[in-house]
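Residue numbers start from 1 in every chain, and the chains themselves are labelled A, B, ... in the order their sequence lines are given, proteins ahead of strands. Remember, it's a predicted structure, so these values are computed and weren't measured experimentally.
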Number of protein chains: 2
Amino acid sequence: MTSPDTDETAPDRKSAGFKDRTRLAAAREQLLSAATPHERTERLSLIPADGRALAETVTSPTAVPGYERAAMDGWAVRARDTFGSSDRSPGLLRVADAEPQTAPETAVGPDSAVRVHTGSELPEGADAVVMIEHADKVGDDLEVFDAVTEGENVAPVGEDVSEDQQLFEPGHRLRPSDLGLLKSVGVDRVTAYERPTVGVIPTGEELVQDDPGPGEVIETNGLTVSQLVERWGGVPTYRNVVTDDEAALRAAIQRDLTKDIVVTTGGSSVGERDLIPEVVDELGEVLVHGVALKPGHPVALGIVEETPVVMLPGYPVAAIINAVQFLRPLVKYLGHFPDDAPPTTEAVLSRKIPSEPGVRTFARVKLDDVAEADETDPDRATATPTRASGSGVLSSVALADGWVAVPEEREGFDEGETVAVEHWEWSA
Amino acid sequence: MTSPDTDETAPDRKSAGFKDRTRLAAAREQLLSAATPHERTERLSLIPADGRALAETVTSPTAVPGYERAAMDGWAVRARDTFGSSDRSPGLLRVADAEPQTAPETAVGPDSAVRVHTGSELPEGADAVVMIEHADKVGDDLEVFDAVTEGENVAPVGEDVSEDQQLFEPGHRLRPSDLGLLKSVGVDRVTAYERPTVGVIPTGEELVQDDPGPGEVIETNGLTVSQLVERWGGVPTYRNVVTDDEAALRAAIQRDLTKDIVVTTGGSSVGERDLIPEVVDELGEVLVHGVALKPGHPVALGIVEETPVVMLPGYPVAAIINAVQFLRPLVKYLGHFPDDAPPTTEAVLSRKIPSEPGVRTFARVKLDDVAEADETDPDRATATPTRASGSGVLSSVALADGWVAVPEEREGFDEGETVAVEHWEWSA
């Protein structure tokens with residue numbers, strides 16, 4: 001159902017029905033401390049592991065490189081045999097092998113040189129490489145124009161990774177370069193936490209999937225929240241609409257207690273059709289009902305048989321804001337993902353954002369087209385608050401580039417202030 | 001093959017072999033202006049369209065809501081019948097229907113009221129809603145304590161979206177809330193550009209897929225680049241390793257000319273084993289060879305039969321840096337995606353970053369654990385440059401949180417300066 005979110009339409013009555021409203025940070029803390037990360041893991045090969053949270057400490061079973069190698073194209077030598085060599089007084093060595101190979105078979109003896117290329121295994125007996133530009137091959141002789149010291153132009157064993165080096169800890173979220181690093185040390189499977197599962201239950205007798213008649217509304221919150229869960233690393237199950245009936249709501253919530261998280265949309269306020277907090281209170285416990293944020297204060301958070309239940313308001317803007325504030329950190333926490341904040345863009349406000357002290361306020365903004373050109377240009381983007389008035393206006397979110405969160409301590413932001421615009425939908 | 005990237009190991013010789021090096025922005029511009037976005041589109045339903053670039057202008061076929069609706073729980077009335085009502089002198093109306101319905105059937109006549117809830121269709125004859133808190137039902141009468149004006153507590157037709165309103169333009173990348181908006185207006189399929197296809201060809205005679213012997217190295221660049229392409233919205237085909245042989249390289253590149261982009265790793269420098277620029281030059285044109293960036297200057301960019309070819313250096317760090325600088329914008333451009341810069345985090349440097357003027361320098365950094373706590377705390381994160389010395393050290397990228405790009409105009413950044421740390425692997 002579409003919960004009345006009176007935030008914006010009737011500011012003088014905005015607390016109606018809510019005895020008190022919990023501050024956002026405290027509400028989130030209550031939710032997270034009542035939840036327990038699952039411990040289900042699975043073995044995955046590297047490509048399917050991209051983006052997943054590690055469930056093990058990974059140490060390197062081997063050193064990389066596993067052998068000394070040439071860091072330059074040139075001649076492998078004993079450094080001491082080049083001492084004193086210079087342009088004016090070239091040293092003279094014997095060419096033992098002039099053909100560069102990946103793993104040269106010819107050893108380097110006193111006053112001899114073996115041709116190597118970058119990455120070649122250093123031949124036995126050698127301890128340095130003379131760069132190709134610093135030597136001239138003349139018949140079977142090699143004129144050396146520059147002395148090298150021991151180890152010069154040689155990449156040591158374990159330069160990249162040493163044996164038994166700890167690479168990643170549990171909870172690290174794997175990225176493409178991490179996969180490369182794992183492969184480079186010979187690790188081709190990892191143990192990762194399973195992605196947390198989320199049952200998404202849209203509720204409301206007025207909701208239909210298409211062709212709305214009078215008084216009917218197309219269901220959108222469940223779709224949007226499901227795709228957000230997907231982006232945040234969870235596995236959503238997007239359920240059919242449940243009507244405003246206690247027994248039906250109870251059954252729907254109970255069915256999804258096998259999930260790591262249950263999310264409902266609609267019916268979370270204190271009106272007569274707002275049945276969900278009551279149902280959750282019967283089945284388990286409502287931890288928080290009503291949060292000091294705007295728009296979207298009529299959110300409720302609860303727990304049933306150890307499964308957290310996030311009860312989102314039915315107004316689309318309110319649903320999305322609350323999903324980012326509560327569901328996102330919950331998915332991250334239960335899935336052992338790092339709880340990174342959403343990425344932000346710094347921008348200058350083109351118009352003031354008003355807010356009420358004590359209430360975390362989310363103002364949707366459009367960013368102007370930041371000149372592509374050159375990232376050396378430090379010009380800030382400009383953020384313009386959208387003029388949307390209602391928390392029911394989905395287009396005001398979908399057509400915005402992000403939002404600015406005004407902290408409880410402030411009374412809005414002034415025109416010209418630099419603010420951080422949060423991109424709540426990015427996948428990070 | 002592992003191209004010698006002498007950037008860091010021999011600073012005095014770093015331009016060896018390259019007549020001149022193109023500036024990064026100019027090189028990228030040359031690449032992009034030689035490329036042509038494909039025009040292949042497909043029809044998709046909403047969930048598969050998440051993250052895809054629209055290939056059409058979407059306008060709303062309908063207004064949302066399609067009917068006037070109550071914005072509050074209360075009583076639908078004719079506003080004029082409430083004029084003069086107040087706490088001290090309540091107005092008196094007749095209750096025509098006390099049961100709130102989604103689509104009330106009872107019309108509102110003079111001096112009558114029909115119970116509605118938030119979202120109910122406004123009954124015929126009504127033009128305003130008295131909030132539930134502002135009225136008392138006494139038998140069949142309704143005492144009204146507050147006058148309402150025409151349209152008060154009524155959401156007009158098209159409040160969210162008006163009929164024929166333009167919602168999205170071609171090239172818009174769909175996000176979860178966009179899917180909700182599309183669904184709300186009854187659009188359940190869209191035309192999107194196909195994801196651009198990328199052939200990823202790792203090259204180098206020393207490369208193996210596992211169990212490296214002396215002089216051998218496990219292939220990682222192709223894997224990493226493929227997964228980066230995936231994150232940027234492309235469809236990678238991760239090919240088998242091709243050895244350093246002109247005919248084999250030619251065949252591999254020609255096979256992938258059916259792709260939108262060809263990427264090679266290794267063999268892009270000017271050494272005797274660096275065959276790829278030559279092969280591309282025979283088949284088509286090398287646009288750029290050698291870019292003023294560090295680490296990773298031995299990159300080459302070309303075009304063969306209208307297919308752009310990005311020739312990445314073989315050193316892992318150099319390959320990744322160049323992939324972000326050239327392949328990422330190319331995937332975005334050819335796939336019609338917005339060319340958003342990678343997200344950044346502002347952080348304070350704990351140590352200086354040196355750089356050479358005229359060269360775009362990428363310094364890998366670790367970010368300290370930013371205190372989760374409260375995002376109202378404006379404390380900046382601290383960025384510490386990693387002490388990695390070589391562009392071959394993959395662990396220096398995989399174990400970093402991001403990098404700082406030093407513009408050509410600067411000689412490094414000082415300790416204590418605020419810098420933007422780029423998260424090159426995030427999916428945005």
Side-chain angles (χ1 to χ4, degrees), chain A residues 2 4 9 16 25 50 66-67 71-73 102-103 117-121 133 159-161 175-181 183-184 186 205-206 210 212 214-218 220 223-224 227-228 271 273 316 320 339 341 343 372 374-376 393-395 397-398 405 407 409 423 425-428, chain B residues 2 4 9 16 25 50 66-67 71-73 102-103 117-121 133 159-161 175-181 183-184 186 205-206 210 212 214-218 220 223-224 227-228 271 273 316 320 339 341 343 372 374-376 390 393-395 397-398 405 407 409 425-428:
Chain A
T2 306
T9 42
D50 195 7
Y67 45 85
M72 305 291 283
D73 286 348
T102 299
H117 54 220
T118 306
S120 289
E121 183 186 26
E133 301 94 322
E159 184 198 31
D160 200 342
V161 180
R175 304 165 302 172
S177 59
D178 299 334
L179 304 184
L181 181 60
K183 190 174 178 213
S184 78
E205 61 182 2
E206 77 284 12
D210 47 38
E216 293 180 340
V217 174
I218 293 182
T220 63
L223 172 66
T224 299
Q227 291 308 108
L228 286 172
R273 292 189 307 153
I320 292 170
D339 184 21
E372 209 265 276
D374 202 312
E375 62 262 42
T376 62
V393 179
L394 177 56
S395 59
V397 171
E409 291 68 28
H423 304 282
E425 295 183 294
W426 290 10
S427 314
Chain B
T2 306
T9 42
D50 195 6
Y67 45 86
M72 305 292 282
D73 285 348
T102 299
H117 54 219
T118 306
S120 289
E121 184 187 24
E133 301 93 322
E159 184 198 30
D160 200 342
V161 180
R175 304 166 302 172
S177 58
D178 298 334
L179 305 184
L181 181 60
K183 190 175 177 212
S184 77
E205 62 182 1
E206 77 285 12
D210 46 38
E216 293 180 341
V217 174
I218 293 182
T220 63
L223 172 66
T224 299
Q227 291 308 107
L228 287 171
R273 293 189 305 154
I320 292 169
D339 183 22
E372 208 266 275
D374 202 310
E375 61 262 42
T376 62
V393 177
L394 177 56
S395 59
V397 172
E409 290 68 28
E425 295 184 294
W426 290 10
S427 313

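In this structure, the portions of B/Asp178 lying under 4.5 Å from any heavy atom of chain A include both its backbone and its side chain. Interface remark: B/Leu179 contributes backbone and side-chain atoms alike to the contact with chain A (heavy atom separation under 4.5 Å).
Nearest heavy atoms, A/Leu394 versus B/Ser177: CD1-O, 4.2 Å. The minimum heavy-atom distance between A/Thr102 and B/Glu216, with the atom names listed, is CG2-N, 4.1 Å.
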query: Hey, mind stepping through A/Glu205 and B/His117 against side-chain contact (heavy atoms from CB on, under 4.5 Å) and telling me if it holds?
result: CA-CA 12 Å; A/Glu205 61 182 2; B/His117 54 219; 3.3 Å; yes
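With rounding to the nearest 0.5 angstrom, the CG atom of B/Leu223 is 8.5 Å from the CG atom of A/Asp50.
Counting heavy-atom pairs under 4.5 Å between each of B/Ile320, B/Leu228, B/Asp210 and chain A puts B/Leu228 at the top. Of the residues considered (B/Ser120, B/Gly180, B/Ala103, B/Gly66), B/Gly180 shows the highest number of contacts with chain A, using heavy-atom pairs under 4.5 Å.
Between the side chain of B/Ser395 and the main chain of A/Val161, no donor-acceptor pair closer than 3.5 Å is present.
Checked against side chain to side chain donor-acceptor pair (under 3.5 Å), B/Glu121 has no partners two or more places apart in sequence or in another chain. When the side chain to side chain donor-acceptor pair (under 3.5 Å) test is applied to B/Thr220, no partner is found at least two apart in sequence or on another chain.
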